[in-house]
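What follows is a single structure, written as structure tokens, with notes after it.
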Amino acid sequence: MLQVQYIRDNRDEVIERLRIKNFDATTVIDDVKILDEERRNLQKELDDALAESNKIAKEIGALYKQGKRDEAEKMKARTVELKQLSKDLGDKLANVVNDLEAKLVLIPNLPHASVPSGKTADDNELVHQEGDVPQLFESALPHWDLIKKYDIIDFDLGNKVTGAGFPFYKGKGAKLQRALINFFLDKALDAGYTEFQPPLMVNEDSGYGTGQLPDKDGQMYHVGEDNLYLVPTAEVPITNIYRNVILKAEDLPIKNAAYSSCFRREAGSWGAHVRGLNRLHQFDKVEIVHIAHPDHSYEDLEQMRDHVALLVRALGLPFRILKLCGGDLSFTSALTYDFEVWSAAQQRWLEVSSVSNFESFQANRMKLRFKDSDGKTKLAHTLNGSALALPRIVAALLENNQTPQGIKIPNVLFPYTGFELIS
RNA sequence: GGAGAGGUGGGUGAGUGGCUGAAACCAACAGUUUGCUAAACUGUCGUACCUGUGAAGGGUACCGGGGGUUCGAAUCCCCCCCUCUCCGCCA
């Protein structure tokens with residue numbers, strides 16, 4: 001969430017920039033200003049009342065020591081009043097703070113100055129495209145048929161054992177998964193990332209920290225018995241490592257990478273366009289997370305973008321990079337690049353990575369700060385991106401690389417798969 | 001699952017009702033000394049909010065979380081959470 005102080009000092013600018021996200025913030029910002037002023041006034045009154053209480057308590061203590069019981073008893077009358085007063089003020093203050101918070105969480109992150117205006121995904125800006133679109137032979141199949149033909153991924157078994165969206169990977173399909181994960185992780189290590197294996201369940205505080213809670217709780221699987229959530233992405237545990245932490249400036253940037261299974265309920269988002277591997281309840285992903293100095297976070301973003309491009313390129317997949325327009329940008333993001341690979345049999349682009357700079361939006365919520373060289377404690381910037389998400393990469397690989405003889409594995413994966421063809 | 005112990009500042013750890021936002025030590029930072037390193041010495045050394053706003057200064061809150069007793073709570077009482085140890089079970 002945004003910092004109150006920033007809103008207070010830059011009202012018009014905030015409203016103006018949020019227009020890019022097609023968000024009219026006028027009312028909520030003015031509410032925030034009013035509530036914030038109320039909060040400060042109440043705070044002052046409360047502090048004054050408590051200060052007087054403290055002073056009297058000290059005097060009473062002193063009087064008791066001198067044996068002046070009567071005088072002490074007399075002073076107690078005022079403390080009764082003050083106690084009631086501070087209780088009332090405290091209650092009022094708590095209410096105002098609650099209302100203020102409730103308003104603040106409604107305000108999206110400010111888009112970066114370079115974000116194009118626009119309403120839908122059609123307005124996203126194409127910033128890069130490379131690779132040749134493969135020409136498939138006559139009897140080429142979409143991946144959901146290929147996986148059956150070669151018996152490498154089994155949705156029916158998943159349906160039987162768990163339910164829709166939980167496939168089994170078998171034989172060379174399973175090996176291919178493992179190969180991709182290891183390939184992605186090795187590349188991350190080459191690029192200077194620290195590898196983590198995070199817990200696959202997180203507590204409530206972590207859900208709030210990265211913003212899945214309170215709004216998007218329906219998207220996570222909840223283990224009620226222990227009040228834990230299955231991670232929708234490794235971003236959640238990896239970023240929450242730094243919740244309530246004050247780092248040193250020289251620690252930045254922190255670059256972490258983690259492979260994890262990801263669990264998403266995807267309630268209400270199923271349809272014809274999400275066949276096969278296009279959308280799953282459980283999938284695998286390698287995630288990269290940066291904690292960056294505010295002055296350099298956009299350099300980090302470019303670095304991450306380059307890293308993801310390197311991965312897709314190495315796999316030989318035609319891809320394009322889009323800069324999301326204001327309307328398509330997520331609530332929490334300031335700037336996002338989407339990576340899409342061409343899926344030859346489906347004849348469509350599939351999103352395989354989303355690389356975002358959240359600036360201090362997440363950091364403010366989870367109190368992720370650092371001590372800068374000027375001695376001041378400031379909010380850090382958080383960034384993350386997929387590097388990469390497996391299922392759609394697999395879908396594109398299968399479709400694009402199919403030949404009458406079988407599916408060709410990209411060269412870079414040979415050392416990991418141990419085979420060159422799925423036949 | 002059973003039994004017990006415990007949660008205090010970056011760390012160790014003192015503190016059982018007012019003189020404690022918190023001893024001491026360690027770490028860290030700055031400086032003095034120094035051919036270099038080390039050592040020694042000196043100083044600084046929590047966070048948030050309000051006020052002031054160039055800084056300083058002042059006020060309030062925070063000793064796992066919440067509530068209560070009291071003029072006054074890290075300290076007493078109640079509830080909750082978490083961690084550790086031993087036993088049992090077990091990948």
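The structure presented is a predicted model; accordingly, all values stated were derived computationally and were not measured. Chain naming here is simple, since letters A, B, ... match the order of the sequence lines and numbering starts at 1 in each. Note that these values count all heavy atoms, side chains included, but never hydrogens, waters or copies made by symmetry.
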Would you classify [X] as touching base, sugar-phosphate or nothing, given that sugar-phosphate means primed atoms plus P, OP1 and OP2, and contacts are heavy atoms under 4.0 Å?
X: A/Lys44; result: sugar-phosphate
X: A/Ile246; result: sugar-phosphate
X: A/Arg39; result: sugar-phosphate
X: A/Ile56; result: nothing
X: A/Lys83; result: base
X: A/Lys371; result: sugar-phosphate
X: A/Asn41; result: nothing
X: A/Arg69; result: nothing

- Query: More 5' along RNA chain B: A/Ser53 or A/Lys248, using each one's nearest nucleotide?
  - Reply: A/Lys248
- Task: Mind calculating the distance between CG (A/Leu228) and P (B/C81) to the nearest angstrom?
- Result: 14 Å
- Task: Residues of residues 6-14 of chain A with any non-hydrogen atom less than 4.0 angstrom from an atom of RNA chain B: list those, numerically ordered, please.
- Result: A/Arg8
- Message: Is the phosphate of B/G59 approached by A/Lys55 (side-chain N or O, under 4.0 Å from OP1 or OP2)?
- Response: no
- Which residue, A/Tyr298, A/Tyr242, A/Tyr193, forms the ring pair (Phe, Tyr, Trp, His ring centres under 6.0 Å) with A/His290? A/Tyr193
- According to the interplanar angle, ranging from 0 to 90°, do the rings of A/Tyr221 and A/Phe166 count as parallel (below 30°), tilted (30 to 60°) or perpendicular (above 60°)? tilted
- Atom P, compared across B/G10 and B/C81: separation rounded to whole Å: 26 Å
- Pick the C1' atom in B/G68 and in B/G13, then give their distance to the nearest Å. 30 Å
- Query: Checking ring-ring contact (aromatic ring centres under 6.0 Å, His included) for the pair A/His293/A/Phe370: CA distance, chi angles, key distance, verdict?
  - Reply: CA-CA 8 Å; A/His293 191 288; A/Phe370 72 101; 4.9 Å; yes
- So which heavy atom on A/Leu398 is nearest to which on A/Ile407, and how close? CD2-CD1, 3.7 Å
- Query: Any donor-acceptor pair under 3.5 Å linking the side chain of A/Lys378 with the backbone of A/Arg369?
  - Reply: no
